[in-house]
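A short write-up of the structure that comes next.
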Amino acid sequence: MADPERRFYRAARVANEAVDGWLPDHAVGVSNGKIIDVLPAADAPADETVDLGDVSLLPGLVEGHTHIPCPPRVDAFDIISEEPNEPALMRAAHAVGLALHSGITTMRDLGSKNEVVFAVREAISSGVIPGPRLLAAGAPITRTMDHCWFWGGEADSPEAVRTMAQAHVDQGADVLKVMASGGNFTPTSNPRDRQYPPETIREIVEAGKSGGIEVAAHTHAAEGIRAAVEGGVRHLIHCRWLSANPEEGFRYDAELAQRIADEGIWVNPTIGLGLLASEARERGDAAPRRNPNLRGSSPREQGLEILRDMRDRGVRFTSGLDMGMAYADFNRAPAEAWAFVEDVGLSEWQALRIMTCDTAGAIGVGEQVGKLVRGYDADLAAFPGDPAGDIRDLNRPVFVMQSGEVVVSPS
Ligand SMILES: [Zn+2]
């Protein structure tokens with residue numbers, strides 16, 4: 001049966017199936033929310049074709065790490081550690097709309113109150129508010145008064161941790177998040193400290209398996225990385241190798257990095273956040289308060305050197321700006337791609353795959369989104385210029401479609 005809604009979106013450059021090259025002057029056919037064809041523009045029916053012009057058409061972006069109720073401001077801690085759920089819900093609803101309009105059609109939230117993030121996920125999926133397809137961890141599991149305790153995930157003993165993880169699974173979490181080390185954001189926490197031994201993290205991994213979901217571990221500490229890997233975690237967040245000894249700065253373990261690569265554990269290095277923070281410093285913007293427990297230095301350039309070694313060992317990276325932290329607003333996802341190219345030395349296409357199909361695969365939706373392939377969801381984002389030539393052209397989209405619905409129209 002003919003579909004009156006069927007359209008073909010024509011662009012000067014369309015990402016190929018592998019997202020590693022352009023198809024020149026092609027069109028993507030869309031019907032009933034799905035991609036039905038990718039073909040030379042000359043072969044698309046003219047009366048059903050929308051010409052987007054001299055743009056680069058990509059799969060909708062996949063953002064791997066957000067905190068939707070968090071205001072991206074330097075004083076965020078004071079706001080979110082004390083507020084009730086209502087303002088958090090309003091802010092989260094605004095954040096997901098901003099993200100969608102910036103070309104993010106799928107995102108994974110890695111830490112928010114359950115009452116907030118699961119409610120927003122439901123509001124998006126039932127069409128009440130616009131937003132990316134949302135996967136949510138709920139409250140991160142953390143020790144009493146340790147990193148992000150205020151979201152409601154405090155648990156100390158292995159039994160309490162198991163019970164907390166199981167409760168998240170039962171509430172429909174898409175992924176579990178554990179704070180394997182302290183974090184900068186929380187002044188009662190120390191980023192150099194490991195939070196849990198591997199056996200306790202294993203309890204979370206096992207609870208996740210009961211619901212068919214994986215675990216993501218926040219860790220700045222090298223010992224937190226070790227505990228997470230030994231505990232069976234599949235996603236390392238930040239993965240910064242800070243030594244427990246402040247005088248030492250970093251304690252990089254190349255053997256453990258090789259194991260991370262060999263076991264295919266995903267790493268979200270949140271380097272876009274570092275890039276935005278250093279640009280903010282250059283502008284003279286206000287900085288967040290320094291965590292009073294964090295001693296010693298950990299120069300960004302040294303961290304990037306470690307990351308380049310991990311790259312050479314074959315570690316797989318995901319996107320994830322840590323949206324909601326200072327400077328990481330919900331429309332800044334491309335900064336992560338910029339940093340992968342400029343600071344880690346990946347190619348533009350590698351960065352574009354991280355922003356689309358690679359992270360889609362990592363978070364478990366790679367058979368559905370992240371590529372321009374027949375049968376995939378019609379999630380599209382078009383950018384002026386050529387981000388495969390200059391990654392900074394991946395910035396503000398001129399056209400966004402999610403599941404066949406136009407979100408941003410070409411002017
Ligand atoms: Zn985070």
Side-chain angles (χ1 to χ4, degrees), residues 62-77 79-81 88 91-92 95-96 99 104 107-114 116-117 120 132 134-143 146-154 168 173-191 193 195 204 214-221 224-225 228 233-240 242 266-277 288-289 291 294 303 317-333 335-336 339 359 362-363:
V62 180
E63 163 60 41
H65 179 179
T66 71
H67 303 279
I68 56 173
C70 236
R73 307 164 36 144
V74 294
D75 58 350
F77 180 83
I79 298 169
I80 63 166
S81 60
R91 208 184 295 109
V96 294
I104 299 169
M107 71 190 207
R108 177 176 69 171
D109 191 87
L110 286 181
S112 298
K113 276 187 185 173
N114 290 7
V116 172
V117 75
V120 170
L134 185 61
L135 305 173
I141 297 169
T142 192
R143 291 186 307 199
D146 215 317
H147 190 39
C148 295
W149 57 270
F150 44 83
W151 276 323
E154 288 172 304
H168 282 46
D174 300 292
V175 56
L176 294 170
K177 174 85 176 284
V178 58
M179 299 307 195
S181 82
N184 292 312
F185 186 71
T186 311
T188 48
S189 174
N190 182 346
D193 270 3
Q195 283 216 29
I204 304 170
E214 295 185 334
V215 178
H218 154 110
T219 175
H220 293 293
I225 296 174
V233 159
R234 297 294 303 158
H235 303 263
L236 295 168
I237 311 301
H238 307 300
C239 196
R240 285 190 60 230
L242 293 187
W266 293 96
V267 171
N268 161 218
T270 61
I271 44 172
L273 179 64
L275 181 147
L276 292 174
R289 265 195 311 262
N291 183 310
L294 181 61
F317 298 117
T318 71
S319 70
L321 190 65
D322 208 353
M323 290 187 164
M325 295 295 110
Y327 321 121
D329 211 340
F330 292 85
N331 56 3
R332 302 305 308 275
E336 193 74 0
T359 300
I363 69 176

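Remember, it's a predicted structure, so these values are computed and weren't measured experimentally. Atoms within each ligand, like the ligands themselves, are counted from 1 in listed order.
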Notebook entry, point to check: Any N/O/S atom of H218 sitting less than 2.8 Å from the Zn ion (ligand 1), backbone or side chain?
Noted result: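 No N, O or S atom of H218 is closer than 2.8 Å to the Zn ion (ligand 1), so no.
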
Next item on the list: List for me each residue that meets ring pair (Phe, Tyr, Trp, His ring centres under 6.0 Å) alongside F317, sequence neighbours excluded, and say none if there are none.
Entry: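 If we apply the ring pair (Phe, Tyr, Trp, His ring centres under 6.0 Å) test to F317, skipping adjacent residues, the hits are F340.
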
Next item on the list: Mind running side chain to side chain contact (heavy atoms under 4.5 Å, CB included) on R91 and I80 for me, showing each step along the way?
Entry: CA-CA 11 Å; R91 208 184 295 109; I80 63 166; 3.9 Å; yes

Check: Out of the N/O/S atoms in H67, what is the name of the one closest to the Zn ion (ligand 1)?
Finding: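 Within H67, restricted to N, O or S, the Zn ion (ligand 1) is closest to atom NE2.
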
Notebook entry, point to check: What are the two closest heavy atoms between M323 and D329, and how far apart are they?
Noted result: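 Scanning both residues completely, I find the closest heavy atoms to be CE-O, 3.9 Å.
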
Item checked: OD1 (D322) to the Zn ion (ligand 1) to NE2 (H65) angle, given to the nearest 10 degrees ->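 The OD1/NE2 angle about the Zn ion (ligand 1) sits at 80°.
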
Next item on the list: Verify the ring-centre separation between H218 and H65: is it less than 6.0 angstrom?
Entry: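 No, too far apart.
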
